[in-house]
Amino acid sequence: GNTRIQSYRISPRHGKASQLSPGVVLTRGKHFGDGLLLQFFVDAQDRAYVSVGGTGVAVIDLRQRARIGTIATSAGDQGLAVRVMLQDHHGIIWMGGWNDGISLFDPGTSLPSLLRRYTVEDGLPDNSIRSFHEDGDGMMWVGTRYGGIARHDGKAFRTVAMKDGLMSNTIWKIAED
């Protein structure tokens with residue numbers, strides 16, 4: 001399988017198309033664990049997050065080209081299977097996985113620390129998270145495996161599902177038009 005990831009950072013230029021700039025080479029074993037690659041994400045602090053099933057999320061400082069550490073969304077195997085990551089306009093890093101709900105991380109430390117978790121007990125329709133989207137108004141939208149879409153307004157979740165007219169309760173991607 002793949003043992004290296006060549007990363008690229010998209011550098012937006014006002015009024016012009018984005019350009020891809022060559023990044024660094026990340027190597028399995030040195031920068032991230034062995035297993036199925038589930039997600040790759042770069043935050044605003046130039047840290048790469050590489051989610052590998054069964055090993056957690058490796059956090060790599062791209063400027064120093066060094067692994068900072070590994071984080072998990074919870075104890076056990078579920079917290080080691082992060083499928084989706086997003087950094088919101090406040091800088092908070094959202095992570096969701098197989099059946100673990102949502103975990104929010106504070107990017108203010110070199111290895112981001114857990115701020116809060118959301119599960120069905122907090123109003124999510126499903127703990128299996130498949131996608132995130134932050135809209136232009138700062139509302140966070142969450143796509144789930146079986147529960148439809150949940151919108152978080154900063155305080156609570158509101159769900160839209162098939163019973164409300166959605167064509168499917170399985171949401172892999174959310175885009176704003």
Side-chain angles (χ1 to χ4, degrees), residues 1-2 5 7 26 28-29 31-45 47-62 67-135 139-162 166 168-175:
N2 251 349
I5 296 174
S7 65
L26 304 178
R28 189 180 302 273
H31 295 106
F32 59 95
D34 196 22
L36 178 64
L37 178 66
L38 299 174
Q39 179 71 299
F40 180 82
F41 167 73
V42 178
D43 72 9
Q45 291 79 21
R47 290 178 296 210
Y49 296 74
V50 182
S51 176
V52 176
T55 68
V57 179
V59 182
I60 302 129
D61 182 325
L62 292 175
R67 183 178 180 151
I68 299 169
T70 303
I71 56 179
T73 56
S74 71
D77 290 341
Q78 292 177 357
L80 301 178
V82 173
R83 292 187 55 91
V84 60
M85 295 179 262
L86 179 137
Q87 188 168 25
D88 69 19
H89 73 280
H90 296 293
I92 303 300
I93 298 166
W94 293 60
M95 294 187 187
W98 293 111
N99 198 26
D100 201 33
I102 298 169
S103 297
L104 304 182
F105 287 87
D106 177 6
T109 56
S110 63
L111 185 63
S113 58
L114 181 66
L115 290 172
R116 186 174 195 325
R117 291 190 62 228
Y118 291 109
T119 65
V120 292
E121 294 169 355
D122 301 298
L124 275 176
D126 182 5
N127 282 332
S128 295
I129 308 303
R130 295 297 179 256
S131 58
F132 291 128
H133 174 75
E134 183 177 23
D135 69 21
M139 295 284 187
M140 187 63 71
W141 296 80
V142 180
T144 67
R145 184 172 183 191
Y146 299 118
I149 298 172
R151 184 185 79 180
H152 191 262
D153 62 8
K155 297 177 185 170
F157 289 97
R158 181 180 163 271
T159 301
V160 178
M162 287 177 67
L166 203 60
S168 173
N169 279 339
T170 301
I171 309 299
W172 287 98
K173 187 76 178 159
I174 303 169

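Heavy-atom minimum distance, Arg130 versus Gly97: NH1-O, 3.6 Å. The minimum heavy-atom distance linking Leu166 with Gly148 is given by the pair CD2-CA, 3.9 Å. Heavy-atom minimum distance, Tyr49 versus Met95: CD2-CE, 3.9 Å. Here the shortest heavy-atom pairing between Ser113 and Thr109 reads N-OG1, 3.8 Å. Minimum heavy-atom separation, Ile93 to Pro112: CD1-CG, 4.4 Å. Of all heavy-atom pairs spanning Ile174 and Ile171, the tightest one is CG1-CG2, 3.8 Å.
For Gln45 (side chain) and Pro107 (main-chain N/O), no donor-acceptor pair under 3.5 Å exists by modelled atom type. Of the possible donor and acceptor atoms, none in the side chain of Asn169 sits under 3.5 Å from a partner among the backbone N and O of Ala161.
In this structure, Val50 and Leu37 have side chains that are in contact, with non-hydrogen atoms separated by less than 4.5 Å. Side-chain contact between Leu104 and Tyr118: present, with at least one pair of heavy atoms (C-beta onward) separated by less than 4.5 Å. The closest side-chain heavy-atom distance from Arg83 to Trp98 is below 4.5 Å. The closest side-chain heavy-atom distance from Trp94 to Asp88 is below 4.5 Å.
Taken from CD1 in Ile60 to CD1 in Ile68, the straight-line distance is 8.5 Å, to the nearest 0.5 Å. In this structure, Ser51 OG and Ile71 CD1 are separated by 9.5 Å, a value rounded to the nearest 0.5 Å. For the atom pair Trp172 CH2 and Arg145 CZ, the distance stands at 7.0 Å (nearest 0.5 Å). Interatomic distance, Ser103 OG to Ile92 CD1, rounded to the nearest 0.5 Å: 12.5 Å. Met140 CE to His90 NE2: the interatomic distance, rounded to the nearest 0.5 Å, is 9.0 Å. Between Phe105 atom CZ and Leu115 atom CG the span is 8.5 Å, to the nearest 0.5 Å.
Applying the side-chain contact (heavy atoms from CB on, under 4.5 Å) test between Leu111 and each of Asp61, Val59, Thr70 identifies Val59 as the sole match. Residue Ile129 forms a side-chain contact (heavy atoms from CB on, under 4.5 Å) with just one option from Asn99, Leu124, Asp100, and that option is Leu124.
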Practice prompt. For side chain to side chain contact (heavy atoms under 4.5 Å, CB included), just list the numbers for Val57 and Met85, CA-CA rounded to whole Å, side-chain angles, deciding distance to a tenth of an Å, and then say yes or no.
Written response: CA-CA 10 Å; Val57 179; Met85 295 179 262; 4.2 Å; yes

Worksheet item: Yes or no on side chain to side chain contact (heavy atoms under 4.5 Å, CB included) for Phe41 and Val82, after CA distance, side-chain angles and deciding distance?
Response: CA-CA 11 Å; Phe41 167 73; Val82 173; over 6 Å; no

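In terms of the salt bridge (charged side-chain N to carboxylate O under 4.0 Å, His left out) criterion, residue partners of Arg47 (sequence neighbours excluded) are, by chain and number, Asp43. Take Met139 and apply the side chain to side chain contact (heavy atoms under 4.5 Å, CB included) test, not counting sequence neighbours, and it matches Asp135, Trp141, Arg151, Asp153.
Remark: Arg158 CZ is loosely packed, at most 12 non-hydrogen atoms of other residues, nucleotides or ligands lying under 6.0 Å away.
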